[in-house]
Amino acid sequence: MSAYDLLSEPIRKYIREQKWESLRKIQEASIPRILNTDLNYVLISRTASGKTEAAFLPILSKVNFREEGVKVLYISPLIALINDQFARVEKLCEHLDVRVTKWHGEASKGKKDQLLKNPEGIVLITPESLEAMFVNKPYHVSHLFASLEYVVIDEIHSFLGSDRGMHLKSLLSRLQQINHDRFSIVGLSATVSDVNLYVELKGFLGNTENTKIIRDHTPKPINAVFRYFHSDTQELPIGLLKDLYVRTRDSKALVFPNARGRVEEVAVKLKRLSEKVGGHQNYFSHHSSVDKEVREYVEFFAKNAGLQNFCISCTSTLELGIDIGNVDEVVQIDATNSIASLIQRVGRSGRREGRASNLYLYSTDRWSLLQSLACWLLYSEQYIEPVEVIEKPYDVLLHQILSVIKGSSGLYLHELLAKINENPTFSLISEGEAKEIVNHLQEIGFLEKLGHEYIIGVEGEKVVNNKDFYSFFQTPVFFKVSSQGVKIGELPLSPQIREDENVYLSAKIWKIKYVDYETSRIEVIPAKDGKKPLFFGDAADTVHRIREKMLEILYSDGEYDFLDEEAKRILKEMRKEFSVFPITNLKEERPLLFGNGYTKFYSFAGSRINKTIGFLLDLAGAEYVYDDHSSALICRPPEQEPFTRLAAIRLTEDQINEALCEALKKNPALIKLSKWGPYLPLKFQAEILKTKYYDFDACFRFLEKIKWVHNIGE
DNA sequence: GACCTGCTGCGGCGTG
């Protein structure tokens, strides 16, 4: 029997109405498996290959929706994705008489109330809304989800290896406890490293043995075109902009310039170029600081553009599954920090009849060119970097202790510990450690003892009753920007924010008329000329494999047709420059430059290893400058050259912990990289730093292995 | 220079 024949009649009717000629590969594979077993599955195949249907066609055929209670829970990392999927799933359910309900912060309260009165059908939710339900209405969780049969997790890779993912994993376990392990899980993903596939990904769904992977490897054919335009200033070279304009003016294009300020620069300047020559004016910017309604308009425009061309300059906001349809060209300005990100961005392009699909990779400096080339070569080898899993998420545990106690009417210590013990998210954290965290929470007033039961303390109430409690990410304070009541976006406070200063925002130019510090508002009027806006953030870590590949490229003589003449020249120049280091073993040797009055160590290592080397140099009292862009550490004067001595440094676990605790005492702000970390006992804060910011194991392995090769010649 | 993601409950007001 074909997969189609296995489906229920209403679903087959739906397929016939869609006039699909055939089912997609991933659907053919998933339908019989999901229908015939109760195992967990992870469906992996590239963007727009029909994964949602691969999960929902068989689930809708199989599940009996006549019974009371919500039967299918779909979890998504984005509200926008829920809204897209709602439309698709609701259409699928047309012939089934199954109700679909959106449950997120912006969804209709009325629809949620209806669901509470009559729990049924399918619910689409975010992890944070699920957390809010556990905290505020724990009885609703069991009322709605006690007879759940399937949980579908979209873009599951976005949860792997992050706090947010650990949080979701804990919530899933708490759901299973209510549900008595009856529901199965189907995860959907486009990009997962082989390394993570069988342990972390399966572990994420809770049950490694009962989880199977279904994967469609079919690669996406795409041409890479590299262009090099050097920039010494903060602004993009005019040559690059003109080249970019010509390449994208007759297509639907997405441009990824990596930073919000640059996103605005690209959108405004391309639009201006287009205006001069009478081209289309559909130039937009899309990032977190563009007003939500403006972003929704941009998405709507792209989805319904028909034959009109457009160009959206954006950050990773358009990287995940929001449906804007296919574009003709994807442009990356300067390198991505991960291959996964490159894959997601490339996945945005499709082919229009008779036209080839291209990926343009622009670079504005040589290290970025090298990194971009490394990413592209690794992409071509189908490499994806593994994510680091968090083995002991102490901060997530702290948060979940507060959540569980808030959701109860008081818990004995043994009850609380039993709940933690049941939750696989915390399986590597010992009972003793959990008790220490509980005691600390009591000390700082987050928990209180009422008789022998724990309840939320006075200080804890402030945190738990705040709407900021439900998430694991922190957001800085922004000033809302508007013009005569029309919302435009938001900007952080910077020297740039003052009256009569002109800035770009939402692909337009504005003059600041008034800054209201009381209400954090900025009033602007349209202007003719301005500057790109300033934003602050943390640079994303570059993974180790990309750096290794960069070194391999420098010490190979591989020629790449897809580089333009300028890029070829730059690569040749870099190879010549590095030829003074007689490196033969790329796995173990690294360049050490003795320059005029300085020593420079090119580690070609991941950012976290570099930061850990920096920590060791700090401990040794060495003065140095660290440049992550070129993966280099520079010391002057060279007499104090400390690099070759690093290999001898071997710290015990205790010494590392002690040094980290000292660093935290000196600078308590260090732990702010974790939202809930500041409420942990100091030694656990050190543990968080060890896993999230530094990587001592990898650093010592690296230092043990490498040999420094210094420059020869005059 | 330097990404992104989400958010309850309740009072008060207006409208049908």
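Note on naming: letters A, B, ... go to the chains in the order of the sequence lines (proteins, then strands), and numbering restarts at 1 for each one.
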Can you name the residues that form a side-chain hydrogen bond (donor to acceptor under 3.5 Å, both in side chains) with Gln344(A), not counting sequence neighbours?
His157(A), Thr191(A)
Could I get the full list of ring pair (Phe, Tyr, Trp, His ring centres under 6.0 Å) partners for Tyr74(A), not counting sequence neighbours?
none
Mind jotting down which residue pairs meet the salt bridge (Lys or Arg N to Asp or Glu O under 4.0 Å) criterion with at least one end in residues 74-89 of chain A? Sequence neighbours excluded, please.
Glu53(A)-Arg88(A), Asp84(A)-Lys303(A)
I'd like to compare against my own output: the B/S/- annotation of nucleotides 2-15 of chain B with a strict under-4.0 Å heavy-atom distance to protein.
BBSBBBBS------
Base, sugar-phosphate alone, or nothing: which one does Glu319(A) contact when heavy atoms must sit under 4.0 Å apart?
nothing
Set of residues satisfying salt bridge (charged side-chain N to carboxylate O under 4.0 Å, His left out) with respect to Lys611(A), sequence neighbours excluded:
Asp541(A)
Mind checking what makes ring pair (Phe, Tyr, Trp, His ring centres under 6.0 Å) contact with His104(A), not counting sequence neighbours?
none
